[in-house]
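Structure first, then comments.
Because the structure is predicted, anything quoted here is derived from the model rather than measured. These values consider heavy atoms only, across backbone and side chains, with no hydrogens, waters or symmetry-generated copies. Order of appearance sets the numbers: ligands from 1, and atoms from 1 within every ligand.
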Amino acid sequence: MRRTVSDIRSMKTEGKKISMLTAYDASMARLLESCGVVDMFLVGDSLGMVMLGYDSTVPVTMEEMLHHAKAVRRGAPDAFIVGDMPFGAYQTSARDAVFNGMRFMKEAGCDAVKLEGGLVMCGVVRALVDAGISVMAHIGLTPQTAGQLGGYKVQGKGLDAARRLLAEARGLEEAGAFAVVMECIPSGLAQVISRGISIPTIGIGAGVHCDGQVLVTHDLLGMFDKFIPKFVKKFSNLSPIIKRSIEEYGAEVKAGSFPGPEHGFADQGDYSQLLNE
Ligand code: KIV
């Protein structure tokens with residue numbers, strides 16, 4: 001049965017760790033769902049870099065996000081899916097945010113949306129929640145505005161910055177967010193914030209004391225080597241395996257050893273006479 005926002009929230013109160021992974025297409029979504037250990041699927045705007053070859057998440061559009069979110073829903077009909085609001089889909093006004101949030105729910109069948117930003121986004125979060133759209137917040141390193149933060153750097157360094165992050169997490173909880181992603185912040189600070197709010201914290205580069213963890217699936221599988229952040233653990237290294245398989249395929253095609261008879265279909269007559277007809 002599909003999880004709900006209240007199931008996710010109760011996992012924190014019950015002390016159960018929450019696992020979230022990215023999914024961008026139906027075949028990966030099907031695989032993740034079959035494992036039965038992933039509590040939330042994130043159709044992250046990281047797909048811009050991982051799947052679409054952009055240099056950052058900034059160019060990603062609503063149409064691209066919806067295209068992938070629909071595929072993930074088709075691949076994992078029972079998963080709890082969070083659609084990531086792309087840059088420009090929610091910063092312009094609460095009205096735009098609600099319009100685009102609705103598209104994730106109605107067109108792609110998402111269960112919730114995620115958006116980046118702290119106190120400045122509380123009004124937008126409130127508007128979405130009032131419109132019936134569940135919101136996961138995202139603070140710390142927010143890749144859509146990494147330029148303003150001085151690049152892809154650890155956030156919350158120093159007590160003032162740490163205080164600000166705690167205030168942001170509290171403000172977002174108050175505004176109605178059901179969970180908050182915390183990216184690239186010191187582990188001790190993540191622990192304090194996790195204790196200081198009642199909604200689940202989902203860490204990425206935020207240490208083990210968060211209520212849950214999220215990673216980009218292609219990173220943990222070793223399938224995206226362009227940029228590997230410190231917080232990534234490669235649970236597999238699939239790139240060389242994929243490369244070797246493709247090289248073998250190419251070599252066998254060129255040598256005429258693939259396909260073998262076992263990959264074909266039995267002849268049903270003498271076809272050579274067709275050329276003389
Ligand atoms: O877009 C994404 O994949 C994300 C996660 C890394 C949190 O925002």
Side-chain angles (χ1 to χ4, degrees), residues 8 18-25 28-29 32 38-62 64-69 71-72 79-91 100-101 104 108 110-118 121 125 135-146 149 152-156 165 168-169 172 177-185 190 193-194 199-207 210-221 223-224 226-235:
I8 302 293
I18 302 165
S19 67
M20 179 160 89
L21 281 178
T22 59
Y24 311 128
D25 61 37
M28 187 62 84
L32 295 188
V38 184
D39 302 307
M40 293 190 280
F41 292 27
L42 173 65
V43 186
D45 64 351
S46 51
L47 68 81
M49 294 162 89
V50 178
M51 305 296 283
L52 304 179
Y54 296 138
D55 283 335
S56 76
T57 55
V58 171
V60 178
T61 66
M62 267 305 291
E64 287 165 339
M65 290 305 302
L66 290 171
H67 176 74
H68 286 270
V72 171
F80 184 96
I81 300 178
V82 182
D84 208 2
M85 299 272 263
F87 189 56
Y90 58 98
Q91 291 89 345
N100 287 314
F104 272 108
C110 288
D111 299 286
V113 299
K114 176 170 87 59
L115 55 78
E116 297 181 7
M121 280 301 148
V125 170
V135 181
M136 175 179 281
H138 182 157
I139 58 172
L141 174 57
T142 44
Q144 293 174 4
T145 46
L149 302 175
Y152 294 85
K153 289 186 181 156
V154 178
Q155 302 298 307
L165 275 174
E168 286 180 347
L172 289 159
F178 77 94
V180 57
V181 169
M182 304 195 296
E183 180 163 352
C184 277
I185 67 169
I193 297 177
S194 301
I199 56 172
T201 57
I202 311 292
I204 174 161
C210 298
D211 302 304
Q213 297 292 328
V214 58
L215 275 182
V216 168
T217 303
H218 285 66
D219 285 342
L220 84 85
L221 294 178
M223 286 174 72
F224 184 71
K226 204 169 163 194
F227 170 65
I228 306 167
K230 179 175 187 277
F231 54 74
V232 167
K233 175 174 175 182
K234 276 194 194 182
F235 287 80

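- Defined by atom type and a distance below 3.5 Å, a donor-acceptor pair is present between the side-chain atoms of Tyr54 and Glu64.
- When non-hydrogen atoms are compared, ligand 1 lies under 4.0 Å from the side chain of Asp84 (C-beta onward) but not from its backbone.
- Counting atoms of ligand 1 from 1 in the listed order, those under 4.0 Å from a heavy atom of His138 are 7 (C), 8 (O).
- With no hydrogens or angles considered, a side-chain donor-acceptor pair links Ser46 and Tyr24 at under 3.5 Å.
- Neither the backbone nor the side chain of Thr57 comes within contact range of ligand 1; no heavy atom lies under 4.0 Å.
- Taking every heavy atom of Gly44 and a limit of under 4.0 angstrom, the matching atoms of ligand 1 come to 1 (O), 2 (C), 3 (O).
- Closest protein heavy atom to atom 3 (O) of ligand 1: Ser46 OG, 2.6 Å.
- Between Glu116 and Met121, every side-chain heavy-atom pair lies at or beyond the 4.5 Å cut-off.
- Considering every non-hydrogen atom in both Ser19 and Val38, the closest pair reads OG-CA, 3.3 Å.
- Near Asp45, meaning under 4.0 Å from any of its heavy atoms, are these atoms of ligand 1: 1 (O).
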After noting the C-alpha distance and the side-chain angles of Ile204 and Phe231, does the key distance pass the side chain to side chain contact (heavy atoms under 4.5 Å, CB included) rule?
CA-CA 7 Å; Ile204 174 161; Phe231 54 74; 3.3 Å; yes
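- Each of the atoms 6 (C) of ligand 1 lies under 4.0 Å from some heavy atom of Ile204.
- Only the side chain of Leu42 comes within 4.0 Å of ligand 1, counting heavy atoms alone; its backbone N, CA, C and O stay farther away.
- Here Thr22 has side-chain heavy atoms under 4.0 Å from ligand 1, and that is the only part of it that gets that close.
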Starting from the C-alpha separation in whole Å, work towards a yes-or-no answer on side chain to side chain contact (heavy atoms under 4.5 Å, CB included) for His68 and Leu52.
CA-CA 11 Å; His68 286 270; Leu52 304 179; 4.0 Å; yes
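- Between Lys114 and ligand 1, at least one N/O pair is under 3.5 Å apart.
- Closest approach of Ile202 and Gln213 over heavy atoms only: CG2-C, 3.7 Å.
- Below 3.5 Å of separation, one finds no N or O of Glu116 facing any N or O of ligand 1.
- Using a 4.0 Å cut-off between charged side-chain N and carboxylate O, Asp219 and Lys226 make no salt bridge.
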